[in-house]
Protein chains: 2
Amino acid sequence: MIRSANPLAQEPRYELIARVLRENIAAGILPEGFVLLEGPIATVMQTSRVPVQAALRQLLEERLISRFDGRGYLVGRVTAGTVPIRRDIRELDLLIPPMVDDALQTRGTWRHVYDEVEEEVASCQIFGEFRIVETELAEHLGVSRTVVRDVLARLQERGLIRKSAASHWIAGPLTARTVSDKFELRGIVEPAALRLAAPHIRYAEVEDLLERIETDPAITPQEMADALMEHCIAQAPNTALVEMIRSNRLLLSAVDRALIRLGLPPDEDTIEQYQTLLDLISRHPIDSACEYLRDHLSITARRYLARMKIVAVIPEAGAFAPYLSPQ
Amino acid sequence: MIRSANPLAQEPRYELIARVLRENIAAGILPEGFVLLEGPIATVMQTSRVPVQAALRQLLEERLISRFDGRGYLVGRVTAGTVPIRRDIRELDLLIPPMVDDALQTRGTWRHVYDEVEEEVASCQIFGEFRIVETELAEHLGVSRTVVRDVLARLQERGLIRKSAASHWIAGPLTARTVSDKFELRGIVEPAALRLAAPHIRYAEVEDLLERIETDPAITPQEMADALMEHCIAQAPNTALVEMIRSNRLLLSAVDRALIRLGLPPDEDTIEQYQTLLDLISRHPIDSACEYLRDHLSITARRYLARMKIVAVIPEAGAFAPYLSPQ
DNA sequence: ACCTATGTTATACGAAGTACAGTTTATGCG
DNA sequence: CGCATAAACTGTACTTCGTATAACATAGGT
């Protein structure tokens with residue numbers, strides 16, 4: 001029983017490809033008589049030809065397609081009057097469900113379960129120290145210990161879990177120290193990145209964001225933070241720097257999401273701060289934006305710590321993933 | 001055939017413990033008639049009692065120790081006249097070879113092979129793109145694919161290798177862009193860390209370093225860089241920051257060592273720069289040191305790139321590890 | 001279509017840590 | 001000195017992790 005966000009992730013590629021073709025035939029996007037060729041399909045699906053072959057064989061068995069006197073397969077049954085339609089399949093704009101597309105992109109089970117585990121592991125840490133047992137997690141995810149160990153190794157490398165003296169996996173506790181260290185680091189690198197990014201920011205997008213703040217009252221600080229990261233900071237032409245910023249924010253934003261889920265209302269005036277910041281970025285010398293970002297981060301840090309303290313004393317923290325046992 | 005720097009690393013703990021006890025009995029540090037108790041030995045060796053038990057059983061089989069009417073084991077053979085010596089083993093100052101001590105500290109084969117692989121993988125990257133095949137590396141190291149995959153996963157997390165579209169492991173190439181990105185990042189975070197570290201630096205050690213520069217003509221820039229990192233920058237009371245700096249330097253210093261091995265002479269005047277820097281740190285306002293560090297890093301970056309270019313064209317780069325195949 | 005490499009599973013076993021019950025040793029006290 | 005009691009130690013069962021190994025499906029390349 002895999003709890004991945006994407007249940008399609010475990011299915012073999014040929015299944016996914018067969019599914020896509022099936023749906024496109026049903027929807028009439030692939031018309032009767034269309035000539036299906038392995039190579040072009042493989043290109044469209046961004047995969048190799050082997051799974052396409054398998055998918056086609058399967059569809060043939062289902063009688064959705066048929067062989068004919070020539071290379072490839074024809075959509076539908078061949079009758080005397082069928083005229084093969086030979087066109088580039090890319091022109092047809094196949095309907096590829098995003099879930100399937102996502103599942104086709106990444107290879108590796110561990111990638112599909114990783115995000116979920118990361119989220120749960122990160123967000124439990126406000127409530128103290130938790131232990132993770134490999135076999136339990138494996139059972140929970142419905143995968144083998146190999147995959148679990150892969151996930152755990154990466155969580156360890158990314159600083160979300162560690163090993164106890166007894167070599168057991170331990171998550172947390174998230175101390176005020178950890179959080180303020182991470183915010184301090186943000187205060188150092190994010191303004192610097194913003195400065196480097198300045199020449200590469202697409203300012204039209206920033207204006208759109210400002211527009212959205214004005215018009216959309218439901219916009220959340222998390223969305224703003226993500227948008228700021230993607231449109232401004234991540235535009236810095238320094239991969240090492242941007243990657244580092246991302247990984248440093250990982251734990252913080254997971255915990256933030258956990259706090260929201262627990263019902264802590266986000267600050268109203270944070271939105272205003274983002275508004276000011278975006279305004280500075282798009283209409284003023286970048287230095288002022290950098291300085292403001294630094295201040296904003298130190299304010300955010302204080303609020304973040306305050307919110308953590310409130311939640312930490314909630315007795316009914318309750319809903320941890322079953323593989324997380326409090327120590 | 002494991003190529004680890006420390007061949008003792010593969011042996012089980014009880015072997016190591018038995019070895020230590022054996023040597024200490026032979027050396028007479030553990031006198032005839034001394035009462036060996038599991039618990040205290042476990043404490044001294046920083047382990048649990050189980051491997052100590054195993055070690056004692058082994059020594060008993062070798063007749064180096066014997067049981068007697070009471071708890072524990074006696075060193076040597078029991079005769080009528082033997083009087084049990086009951087003393088705290090910690091007072092005896094057991095002889096524990098550093099190699100054994102090191103091997104006792106870390107658990108896990110992958111840790112023992114990791115450093116070697118990291119060094120080789122990092123340093124080959126000046127010469128372009130290399131491929132690593134899991135089974136070949138496994139054979140080379142004399143370990144299973146499990147361990148190799150663990151090592152590779154961590155190398156990937158640390159940004160030293162990646163996967164190709166075909167899901168093969170690829171190291172490198174180390175581009176000028178990568179290097180200057182990393183140096184740019186250093187220029188942002190290292191001065192900041194130095195500033196945070198200032199109140200925590202043990203200035204006596206800095207003075208010692210300055211002294212060594214004066215007196216020891218054989219001192220290398222690498223040693224200076226490491227010393228600066230450990231004594232000054234790493235003293236910053238922000239774990240996240242220091243860890244980040246460490247991981248960012250990893251590739252750069254591995255490549256640097258590779259360049260030295262290839263016979264590129266290190267700069268003479270770099271030493272002078274470190275001298276100035278340490279002088280600023282210990283005797284002047286920290287801001288001046290931070291500024292100087294920033295300048296120093298940008299100079300170092302330029303030189304580093306120049307040295308890379310020289311080496312990259314050496315035809316006989318030659319001596320890569322056998323599991324690294326150029327693409 | 002064959003060859004090679006990776007991703008994953010399943011299984012097995014050794015090594016090491018923990019918990020607990022039961023025994024021995026040390027210590028304090030009369 | 002003898003005894004009671006606390007503290008220390010051992011034996012053992014149980015748990016978890018580290019590694020090895022074989023096997024197979026999937027995928028990419030030629």
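Letters A, B, ... are given to chains in the order of the sequence lines, protein chains preceding strands, and every chain is numbered from 1.
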Original post:
Contact class for A:Ser167 (heavy atom, under 4.0 Å): base, sugar-phosphate, or nothing?
Top reply: sugar-phosphate
Subject >> 5′-ward residue of the pair A:Thr135/B:Leu37 relative to DNA chain D >> reply: B:Leu37
Original post:
If you pin A:Thr146 and A:Trp169 to their nearest nucleotides in DNA chain D, which one's is more 5'?
Top reply: A:Trp169
Subject >> Closest-nucleotide ordering on DNA chain C, the 5'-leading residue of B:Glu15 and B:Gly70 >> reply: B:Glu15
**OP:** Identify, residue by residue, the members of residues 147-161 of chain B with a heavy atom below 4.0 Å from DNA chain C, and return them in order of residue number, or none.
**Re:** B:Arg149
Original post:
When you measure from the side chain of B:His168, which nucleotide among D:dT10, D:dC17, C:dA5 comes out closest?
Top reply: C:dA5
**OP:** Tell me, please, whether B:Phe130 has B:Arg162 positioned over its six-membered ring: NZ or CZ under 6.0 Å from the ring centre and within 45 degrees of its axis?
**Re:** no
Original post:
Closer than 4.0 Å, any side-chain N/O of B:Tyr14 to the OP1 or OP2 of C:dA16?
Top reply: no
Subject >> Euclidean distance, atom CD of residue B:Glu38 to atom P of C:dT24 [Å, nearest integer] >> reply: 15 Å
**OP:** Kindly point out which of C:dT18, D:dT12, C:dT6 is positioned nearest to the side chain of A:Ala166?
**Re:** C:dT18
Original post:
When you look at CZ of A:Arg77, are more than 12 heavy atoms from neighbouring residues, nucleotides or ligands closer to it than 6.0 Å?
Top reply: no
**OP:** Measure from NZ or CZ of B:Arg67 to the centre of the six-membered ring of B:Tyr73 and say whether it is under 6.0 Å with the direction within 45° of the ring axis.
**Re:** yes
**OP:** From the options D:dG18, C:dA16, C:dG7, select the nucleotide whose nearest atom is closest to the side chain of B:Glu134.
**Re:** C:dG7
Original post:
Which part of the nucleic acid, if any, lies within contact of A:Arg131, taking any heavy atom under 4.0 Å across all strands shown: a base, the sugar-phosphate backbone alone, or nothing?
Top reply: sugar-phosphate
Subject >> CD (B:Glu91) with more than 12 external heavy atoms under 6.0 Å >> reply: yes
Subject >> Check: B:Tyr14/B:Gln53 side-chain N/O donor and acceptor closer than 3.5 Å >> reply: no
Original post:
Base, sugar-phosphate, or nothing: which does B:Val50 touch, judged by heavy atoms less than 4.0 Å apart?
Top reply: base
Subject >> Listed partners of B:Thr175 passing side chain to side chain donor-acceptor pair (under 3.5 Å), at least two apart >> reply: B:Thr178
Subject >> Atom pair CD1 (A:Ile85) and CG (A:Leu30), whose distance is rounded to the nearest 0.5 Å >> reply: 10.0 Å
Original post:
Taking the side chain of A:Val133 as heavy atoms from C-beta outward, which of D:dT16, D:dG11, C:dA5 is closest to it?
Top reply: D:dT16
Subject >> 5' precedence on DNA chain C between B:Glu136 and B:Thr47 (nearest-nucleotide basis) >> reply: B:Glu136
**OP:** With the side chain of B:Ser144 defined as its heavy atoms from C-beta on, choose the nearest nucleotide among D:dA20, C:dA15, D:dT10.
**Re:** D:dA20
**OP:** Assign B:Arg67 to base, sugar-phosphate, or nothing according to its heavy-atom contacts below 4.0 angstrom with the strands shown.
**Re:** sugar-phosphate
**OP:** Remember a base hit wins even if backbone is also touched, and classify B:Arg86 as base, sugar-phosphate or nothing at under 4.0 Å, heavy atoms.
**Re:** sugar-phosphate
Original post:
D:dG18 base to B:Arg111 side chain: any donor-acceptor pair below 3.5 Å?
Top reply: no
Subject >> B:Arg145 side-chain proximity, nearest of D:dG18, D:dT10, C:dT6 >> reply: C:dT6
Original post:
When you measure from the side chain of A:Lys163, which nucleotide among D:dC17, C:dT9, D:dA20 comes out closest?
Top reply: D:dC17
**OP:** Check whether the ring centres of B:Phe127 and B:Phe320 lie less than 6.0 Å apart, and answer yes or no.
**Re:** yes
Original post:
How would you label the contact of A:Ile132 with the nucleic acid (heavy atoms, under 4.0 Å): base, sugar-phosphate, or nothing?
Top reply: sugar-phosphate
Original post:
Taking N and O atoms by type only, does the side chain of B:Arg49 place a donor or acceptor under 3.5 Å from a partner on the base of D:dG11?
Top reply: yes
